[in-house]
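Note that the structure is predicted; figures quoted are calculated from it, not measured. Atoms within each ligand, like the ligands themselves, are counted from 1 in listed order.
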Amino acid sequence: MPGTELFGAEERKEIEDVLSTGVLFRYNHDALRNSHWKAKDFEAEVKKITGAKFAHAMSSGSTAIATALAASGIGTGDEVIVPPFTYVATIEAVLFVGALPVFAEVDETLCLSAEGIKKAITPKTKGVCLVHMCGGMADMDSIMKVVNDHKLILVEDAGQSFASSYKGVYTGLFGKAGSYSFDFFKIATAGEGGVLVTNDEATYKLSDNYSDHGHDHVGEKRGMEQHPIIGMNYRISELHAAVGVAQTRKVPAIKEKNRHNKQFLVNELSKTAGIGFATLPDPSGDSATFLNLLLPDTETAKRTVDEMNKAGVVGFDYWFLNMYHFINQWDHIKELRTASKLPIQVLGAPQDYKNLQLPKTQEVIGRLISFGIKYKWTEEDMKTLASKISECVTKAMKPVHA
Ligand SMILES: *Cc1c(COP(=O)(O)O)cnc(C)c1O
C-alpha cells in the first residue's frame, strides 16, 4: 500500500521531534513539549484534505468508528443497518456499543445500496453504518434520500476511503460522524491510528470526551478537568500521530499517482473479454487505492484466482473467501461467540444470522477480485501485470473440461 511504500525522512523527522522532548502524551505538559503537538497537527492535516470542520485523532479506525456511533447517539438495543462486505471491525464496533447489526445488500459499488438499506428498515432501525469500500464511495444521492426519508442516523466507516469524495463532499462527512483508519494497510499509516470527522460541534465534543475517560480537556490540570460523560481510553500517542502527520501530507501526491496507475491498468484491461470493473458513483472522487475487477460470475472469478496463483501473480484479494472482510466466513459473529456477554446476547439478534438471504451481495462479491495499487510501479511493471491478468482471465473464461 502506498503510505508504507513512502515511509522515510519526513516520518523520522516528526518522530524525532517527539523523542527530543519525551512528551509522548497528546494533552497537557505545555512547558515540556517545545510546542510539538503531533495529534493536533495530524487532525489539522486531515481537516485540510477533507474540509471537515472537526477531526479527532484516536488509537485506531476501530475505536474511531465505535466513538462515531456512540457520539451519534447509537447504543444499546438500537438496530443499525450494516454491510456484509466490510472489514469486520465495523460489525464489532456496532456490537460493542451495544447496538444490533442488521445486514443489508451491497451492489456493484461494493457498498450498501439505497435499495438494500430500504429493505432492511424496521420500526427499530436507528441508523445506518455505511462503509465506503476499497478506496471508492457509496452512491450518496440515493442513500441520503432513504436516510432522510426515514429519519435515520447516518454514520460512515470510511476506514478504507480517506481522501475519496462524492460530488465534492469527502466520505465521512455525509452523516453525523465518520471515521478513517490509518493502520498499516491504508492509503496513509500512523502505524496504528484512526481519525473521526464531523461537521457538528456537539458530536465532536462528545467524541473528544468519550475517547478519553470523559475528560473535557478544559484547563491546565488534567486531574481537575470535568467529566461530562463516562468514557474510555481510545487515545492516540504522539509517536503514532507524528507518523500520521508526515504520511497525511503525502496523501495528495499518493492519490494522484494511484489514480494515474489505476487508469493505466483500466485502459490495458478494458480490452479483455470478461473483465468489468466495480461501479464508482463519482469516478472523479476515487482515491484509487484498489483496482476492483468484476468477472462475469463467481466460478469464472475462482478460476481466475487459480490461474493467477499458478502464474505467480501477487498483490490481489479475493474477498469472497477472505476471513475478515466477508460474512460467509464470519462464523464467530453468526454464532455470537464472545469472551463475555454482549447486549445482543441479552436482547436477541434482530436477524437469523445463520440464514441470511443476501443474493445480490453473494453474486457481486463472488465476482470481485481487487488489486492494491502501488505508488512505485513503473509503466513496465503495470504492462506486465495487466498482460498476466488478461491471460489468466482469458484462460478462466474458457475452462478446460476434463
Ligand atoms: C481498516 C478498517 C477498519 C479498522 O481500522 P483499524 O485502524 O485497523 O482499527 C475499519 N473499517 C474498515 C472499513 C477498514 O477497512
When you measure from the side chain of Asp381 to the backbone of Thr378, do you find a donor-acceptor pair of N or O atoms at a distance under 3.5 Å?
yes
Can you find a side-chain donor-acceptor pair between Asp139 and Thr109 that sits under 3.5 Å?
no
Would you say the side-chain atoms of Arg33 pair up with the backbone N or O of Thr21, donor to acceptor, closer than 3.5 Å?
no
N/O contact list for ligand 1, threshold under 3.5 Å:
residue: ligand 1; atom: 5 (O); partner: Ser181; partner atom: OG; Å: 3.1
residue: ligand 1; atom: 7 (O); partner: Gly61; partner atom: N; Å: 2.7
residue: ligand 1; atom: 7 (O); partner: Ser181; partner atom: OG; Å: 2.7
residue: ligand 1; atom: 8 (O); partner: Asp183; partner atom: OD2; Å: 2.6
residue: ligand 1; atom: 9 (O); partner: Gly61; partner atom: N; Å: 3.4
residue: ligand 1; atom: 9 (O); partner: Ser62; partner atom: N; Å: 2.9
residue: ligand 1; atom: 9 (O); partner: Ser62; partner atom: OG; Å: 2.5
residue: ligand 1; atom: 11 (N); partner: Asp157; partner atom: OD1; Å: 3.2
residue: ligand 1; atom: 11 (N); partner: Asp157; partner atom: OD2; Å: 2.7
residue: ligand 1; atom: 15 (O); partner: Gln160; partner atom: NE2; Å: 3.0
residue: ligand 1; atom: 15 (O); partner: Lys186; partner atom: NZ; Å: 3.2

Does Gly73 offer a backbone N or O that forms a donor-acceptor pair with the side chain of Lys126 under 3.5 Å?
yes
How about NE2 on His260, more than 12 heavy atoms from neighbouring residues, nucleotides or ligands closer than 6.0 Å, or not?
no
Residue pairs passing the salt bridge (Lys or Arg N to Asp or Glu O under 4.0 Å) test where at least one lies in residues 313-330, sequence neighbours excluded:
none
